[in-house]
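Report on the structure given below.
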Amino acid sequence: MTNHFKPSTLLINDNIEKNDRFGAVVPPIYQNSLFTFDSWDAIEMAFEDKINNAIYTRGNNPTVSIVEKKIAQLANGEKAKLFASGMAAVSAGMLHFLSYNDHIITLNNIYGPSISFINDFLIPKMNIQVTFVSGKDNDEIEQAIQSNTKLIYLESPSSVVFSLQDIRKISQLARKNHIATIIDNTWSTPIYQKPLNMGIDLELHSCSKYLGGHSDIVSGVLIGSDKLVSAICAREYELLGAKMAPVEAWYLLRSLRTLHLRMDRHQSTAKKIAEFLNRHKKIKHVNYPGLDNFEQKPLVESQMSGVSGLMSFQLKTKHLASIKSFFNHLELFQIGVSWGGHESLIYAPAISCIKEQTPDQFEKMGISLGDMRISVGLENCDDLITDLEQALSCIK
Ligand SMILES: Cc1ncc(COP(=O)(O)O)c(C=O)c1O
């Protein structure tokens, strides 16, 4: 399929490989581990392009391939590979570029388990060195470069405080120094941000968030050049074995048909909710790239074409009983850790710290008792605002 269609058309059109499926309008789920061949020559030929041919489902599966092609087109990449989870994509991507004793530059506020993969796996097992930077200052990144720096790993906006990195400038800097770049683009989706067009080598998503969109699948994807993604397929994908299940790929394909519509709705509702929270007297501040007073607004406008529905805010009160009262009185915002689904969610980062640390201790790490993260779902906007209003009124 040609790549000149607008995203909404691309996402609906399932004509890829339609000839092989009796004209079925929806591609089937090829729920098989193995593919058989008519002859010695046929299987020998399949092995000549093992990266792209369906021989065994740990390598390729037609249902999974259809979705991979669609995601690659959407992100303007040459090739995409789906993984069993976002973390499988994170670890495969990092491992691909790093060898024993190498150095990685990343941000101190990327997704927690991505930091844990560096701290608890790459450092002790591969002697990897790491420099954590804020990501807001390109000079800081330039100064962090060492002779053994092999990878700059970004997440823009980051999913915790939603700060941005200058993707064009950082990828130019990386190329000049022969350093590979990966970006976790989960927050923006390929609808609202195209990092490959800005010089990034490898784009990554947890498809468990907006791409899946219904909180019913766990999956991840890497997108990049044919050469790079094929090299990952041959090594980290096939040998670590974190493959995507055909049935989950099929659910992902179904979700992708509405990605464009869902993102429009997440965006418009989230903007109104952020403005409501920003004006509210019981809220100290709101972190959301869609707000007019967002401190990196010019960067938002220069590298993103829209914003999604995940944001954080801080309640003014530090009184635990009042904070819990707000949290527990919400009716439409369900309590949970993930985001990007149809349903609105709330989580308080302090919940993860409060058993082991005092509020003063975790405040020093940048987490406040009153910090709240919400994922704005697809419910009616007025209903969501009413829900927040009534819960906020419970704060004495
Ligand atoms: C920004 C970000 N990247 C990666 C991941 C990991 O994805 P998964 O849960 O699919 O392994 C998550 C999960 O929450 C995330 O928020």
Side-chain angles (χ1 to χ4, degrees), residues 64 67 71 75 80-95 106-122 135 151 153-165 167 181-193 195 200 202-223 236-237 240-245 248-249 251-252 255-256 259 263 266 270 287-289 304 307-312 334-341 343 345-349 351-352 371 373-377:
V64 180
V67 191
I71 294 177
K81 197 70 199 160
L82 282 164
F83 287 76
S85 69
M87 274 315 293
V90 170
S91 51
M94 288 193 195
L95 284 171
T106 191
L107 322 166
N108 38 39
N109 55 16
I110 55 170
Y111 175 59
S114 303
I115 295 193
S116 301
F117 182 66
I118 297 171
N119 285 339
D120 303 340
F121 188 98
L122 294 178
L151 178 63
Y153 183 95
L154 307 175
E155 186 179 307
S156 182
S158 63
S159 57
V160 182
V161 290
F162 312 104
S163 62
L164 275 68
Q165 302 99 60
I167 298 173
T181 45
I182 301 182
I183 189 166
D184 184 332
N185 197 29
T186 306
W187 191 89
S188 294
T189 80
I191 298 275
Y192 289 149
Q193 184 162 265
I200 291 287
L202 201 56
E203 173 175 346
L204 177 160
H205 294 268
S206 163
C207 307
S208 326
K209 310 295 181 273
Y210 290 115
L211 300 194
H214 296 73
S215 301
D216 52 10
I217 60 164
V218 174
S219 155
V221 70
L222 292 177
I223 319 151
E236 288 77 18
Y237 182 78
L240 297 176
K243 67 122 186 88
M244 176 78 172
E248 287 198 281
Y251 277 111
L252 180 55
S255 298
L256 286 173
L259 177 65
M263 293 318 294
H266 283 298
N287 297 314
Y288 181 58
M304 293 160 69
V307 287
S308 66
L310 185 73
M311 68 183 81
S312 61
Q334 300 177 62
I335 300 166
V337 288
S338 192
W339 49 279
E343 75 288 13
L345 293 165
I346 185 156
Y347 187 67
I351 295 170
S352 312
D371 282 346
R373 191 183 77 171
I374 57 170
S375 176
V376 174

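These figures come from a predicted structure and were not determined experimentally. Read the numbers this way: they start at 1 and go in the same order the structure lists the ligands and their atoms.
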**Message:** Heavy-atom pairs closer than 4.0 Å: do any link ligand 1 to the side chain of S114, the backbone, both, or neither?
**Reply:** neither

**Location of contacts on W187 toward ligand 1, heavy atoms closer than 4.0 Å** = neither

**Request:** Check whether any side-chain heavy atom of I118 sits under 4.5 Å from a side-chain heavy atom of T106, and report yes or no.
**Result:** yes

**Message:** If you define the side chain from C-beta out and look only at heavy atoms, does anything of P113 sit under 4.5 Å from M87?
**Reply:** yes

**Item:** Ring centres under 6.0 angstrom apart (F83, Y237)
**Value:** yes

**Asked** Are Y210 and W187 an aromatic pair by the rule of ring centers under 6.0 Å?
**Response** no

Please list the nearest protein heavy atom to [atom] with its residue and the distance rounded to 0.1 Å.
atom: atom 5 (C) of ligand 1; result: Y111 CE2, 3.3 Å
atom: atom 1 (C) of ligand 1; result: D184 OD2, 3.4 Å
atom: atom 8 (P) of ligand 1; result: G86 N, 3.4 Å
atom: atom 9 (O) of ligand 1; result: K209 NZ, 3.7 Å

**Request:** Assess the side chains of E343 and S215: does a donor N or O sit below 3.5 Å from an acceptor N or O?
**Result:** yes

**Item:** Under 3.5 Å: donor-acceptor pair, side chain of N185, backbone of Q193
**Value:** yes

**Prompt:** Strictly under 4.0 Å, does any heavy atom of H205 approach an atom of ligand 1?
**Reply:** no

**Message:** So is S219 touching ligand 1 or not, going by heavy atoms under 4.0 Å?
**Reply:** yes

With a cut-off of 4.0 Å, which atoms of ligand 1 are near a heavy atom of [X]?
X: S208; value: 8 (P), 10 (O)
X: S85; value: 10 (O), 11 (O)
X: W339; value: 1 (C), 16 (O)

**Item:** Reference residue Y251; test side-chain contact (heavy atoms from CB on, under 4.5 Å); the match among V67, I217, L256
**Value:** I217

**Asked** In this structure, which one of L222, V221, I183 forms a side-chain contact (heavy atoms from CB on, under 4.5 Å) with L204?
**Response** L222

**Request:** Could you walk me through whether M304 and S188 pass the side chain to side chain contact (heavy atoms under 4.5 Å, CB included) test, one step at a time?
**Result:** CA-CA 8 Å; M304 293 160 69; S188 294; 3.6 Å; yes

**Asked** Could an N or O of ligand 1 be found under 3.5 Å from any N or O of M87, whether backbone or side chain?
**Response** yes

**Prompt:** Does E155 reach ligand 1 with a nitrogen or oxygen that is under 3.5 Å from one of the ligand's nitrogen or oxygen atoms?
**Reply:** no

